[in-house]
Structures are given as C-alpha cells and as structure tokens.
There are 2 protein chains.
Amino acid sequence: MFSIGQLSTRTGVKVPTIRYYEEIGLLPAPERTGGNQRRYGVEGLQRLGFVKHARDLGFSIEAITKLLELQDHPDCTCAEAGDLAQAQLLAVQSKIARLNRLQAELQRLVAGCHGDGTTGECYVMASLADHDLCLDEH
Amino acid sequence: MFSIGQLSTRTGVKVPTIRYYEEIGLLPAPERTGGNQRRYGVEGLQRLGFVKHARDLGFSIEAITKLLELQDHPDCTCAEAGDLAQAQLLAVQSKIARLNRLQAELQRLVAGCHGDGTTGECYVMASLADHDLCLDEH
DNA sequence: CCTTGAACCTCTAGTCACTAGAGGTCGTAT
DNA sequence: ATACGACCTCTAGTGACTAGAGGTTCAAGG
C-alpha cells in the first residue's frame, strides 16, 4: 500500500495534482485508513503512471479519459487508441512547424539588435510594432 | 476614430479580448462616446497591433507589459528588449526540442498500431502504460 | 507510552489568457 | 419610428493545475 506522497515520488506527479485527478474522476477514489488518509495499491500506481506518461506526451485530460476507458474495456478494438495517438501526433507536428517559423523570426529579431542603441531605433521594437517587417505570416 | 469592433477586425484580436487587455492595464482606457462606447485613435490601433504581434510570437502578457514600457520610454537602452527577445527565442527552441522528441515517440507509437487488435494487445496502450518501452526520456 | 514533526486532510481562492452568456443600451440605416 | 447589429457591464467558466489556511494523523525516537 502506498500513501499519496509515495505515489507522488514514484510517479513524479505532485500530491495536489493527484487529489485533483481524483476529484475530476480521472483516478478512482482509493481506500482510506481509519484516519481518512488515502492508501493506493499497485493498480493505482500503474494508472497514475499511465496518466503521467500520456500527459508528458501532451495528451489532454479529455483524451486520457478516453484512453483509460479503452483500457478498462480491453476487448474493444484498439483503432480508437490509434486515432487518438494519430491526432496527438498531428497536433505536435503542427506545433513544431509553427514554432520553427517563430524561431526564424525571433532569430532575425535578436540578430538585428546590438543592445547599443535606444528603443527608439531598436530593431526588436520596430519589428514588433510593424508586422510588415516579418518575412512570412504567422 | 475606430469602434472596438473595427479595431477587432483590423487587428484580428477579439472584442472581449480587447476589453480584457484594457482591464488588466495592457491598453490604456480610450475615449468614450456620449453613449459610453469606446472610440480609439490610430495610436490605440498601433498599440494593439504591437500586442497582437508579440502574443503571436509567444511573448507572455508580462513580457509585453515590459516591452510596452520600453516603448513608452524610447530614450532607454534597447538592450532590455533584446534580452526579452533572446529569452523568448531560447524558450521557443527548448519547446521545439521537446516536441521533436515527443514526435518521435508518437510516430513509433502510431506505427506500431495496426488498428486490428483489441486494446488488450495494442502497442499504443502498452507503451503508454509502461514508460520503459520509450526509447528516450521525456 | 508520549511527544514531535512531517505528511496528510479539506476547503477556498488564485493562476493565465481568455471565452461565454445574460441582460440591457446605443448607433445608424431605412 | 423602428429595426437590428454592435456595443455596454457583470458574472462565471475554461484547463490543468498551484498556493495557502487551518486542522488531523502517522511513524519514529526517547
């Protein structure tokens, strides 16, 4: 049996976050001691590990809820899990593309600034004020 | 003079968001008509354009507040603006690195799923449940 | 057995950057 | 004069937590 603190150190999920997950129904309410403290079994640890891992991969709580439902009904087809992962992959890829564009502009912006003038003639400020100075859309 | 709606269509910032920016002090309170409606001049339009552009580049409201202060005192050195842009660039780059790692794992995850089994034997589910199946840390 | 102190409990409120909705007023075109 | 869209304020909600107050329980050392 694990206390909530032990679960926290083992999974890397903070204690208030674990309680929050329970509150929103992502984790089932565990047993309690006579003094009303949470005690988790191995299955609680595993479920939280699953949640943590999926969160690290950027899955939303909503998506994780669906994944957990699939996990609880292991005879359902796995296509849906694949779809969720696929959607997550596309979201990640579009974020990367967008960030790459931002990176390019920020690099241009930083390169143009020598830190030796006043903001009145600063390329960073001018570029932020005037979108037309950007090379591409964002 | 522009109404809040005209400002919205010209900058692409939604009307409630403009009011929100005013509320938190990012935009100065504009003039009002006799009937209490906001009327903006060109400088209001420009300031909102600046904010929009910086937000699109991922600057936090806090950072934008600083940038606007710098803009309002154009005789200060621009080094600080450069620092903010530099910090933003580093943040973007680390996000990109992280997302690239996630992308790799998600691709592996999606590739391993053929959508023809049950979740009991699904690679997606197994991989999410067991972090040890990951190739690298995240 | 007793005490100490860290870990636990609940509850409320705050974070960021908005977004949604209710219920009412204003401006402008016909 | 009358529509009707755009505007106003205010409150509350979003996601995914985080922080703090104020109180209780557990486990280890004496």
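In what follows, chains are A, B, ... by sequence order, proteins preceding strands, each numbered from 1. What you are looking at is a predicted structure, and each value in this text was computed from that prediction instead of being measured.
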Atom-pair distance (CD on A:Q6; P on D:dT25), nearest Å: 19 Å
When the distance from CD1 of B:I4 to P of D:dA6 is rounded to whole Å, what number comes out? 13 Å
Could you give the CE-to-P distance, from A:M1 to D:dA27, as a whole number of Å? 13 Å
Do the side chains of A:I24 and A:F50 join up, straight or via other hydrophobic residues, at under 4.5 Å, putting them in one cluster? yes
Base-contact (B) and sugar-phosphate-only (S) positions in nucleotides 13-26 of chain C, heavy-atom cut-off under 4.0 Å, - elsewhere: ----BBS------S
Please tabulate, for the side chains in residues 57-67 of chain B, all donor-acceptor contacts under 3.5 angstrom to protein atoms that are two or more places apart in sequence or on a different chain.
{"residue": "B:S60", "atom": "OG", "partner": "B:E62", "partner atom": "N", "Å": "3.4"}
{"residue": "B:S60", "atom": "OG", "partner": "B:A63", "partner atom": "N", "Å": "3.1"}
{"residue": "B:T65", "atom": "OG1", "partner": "B:I61", "partner atom": "O", "Å": "2.7"}

Interatomic distance, CZ@A:F2 vs CZ@A:R39, rounded to 0.5 Å, equals 11.5 Å
In whole angstrom, give the distance that lies between atom NZ of A:K52 and atom P of D:dC17. 10 Å
So do A:R38 and A:R19 actually touch side chain to side chain, heavy atoms under 4.5 Å? yes
Side chain proximity check, B:Y40 to B:L45, heavy atoms < 4.5 angstrom: no
side-chain contact (heavy atoms from CB on, under 4.5 Å) partner of A:L26, the single match among A:L48, A:V51, A:I18: A:V51
Residues within residues 24-32 of chain B bordering DNA chain C, heavy-atom distance below 4.0 Å: none
Would you mind reading off the distance between B:E23 atom CD and D:dT11 atom C1', rounded to a whole angstrom? 11 Å
For the CD atom on B:E31, are there more than 12 heavy atoms of other groups (residues, nucleotides or ligands in this structure) within a distance under 6.0 Å? no
A:R19 has an atom CZ; how far is it from atom C1' of C:dC11, in whole Å? 11 Å
Over all strands shown, is B:R38 touching base, sugar-phosphate only, or nothing at heavy-atom distances under 4.0 angstrom? sugar-phosphate
Under 3.5 Å donor-acceptor, A:S8 side chain and A:V13 backbone: yes
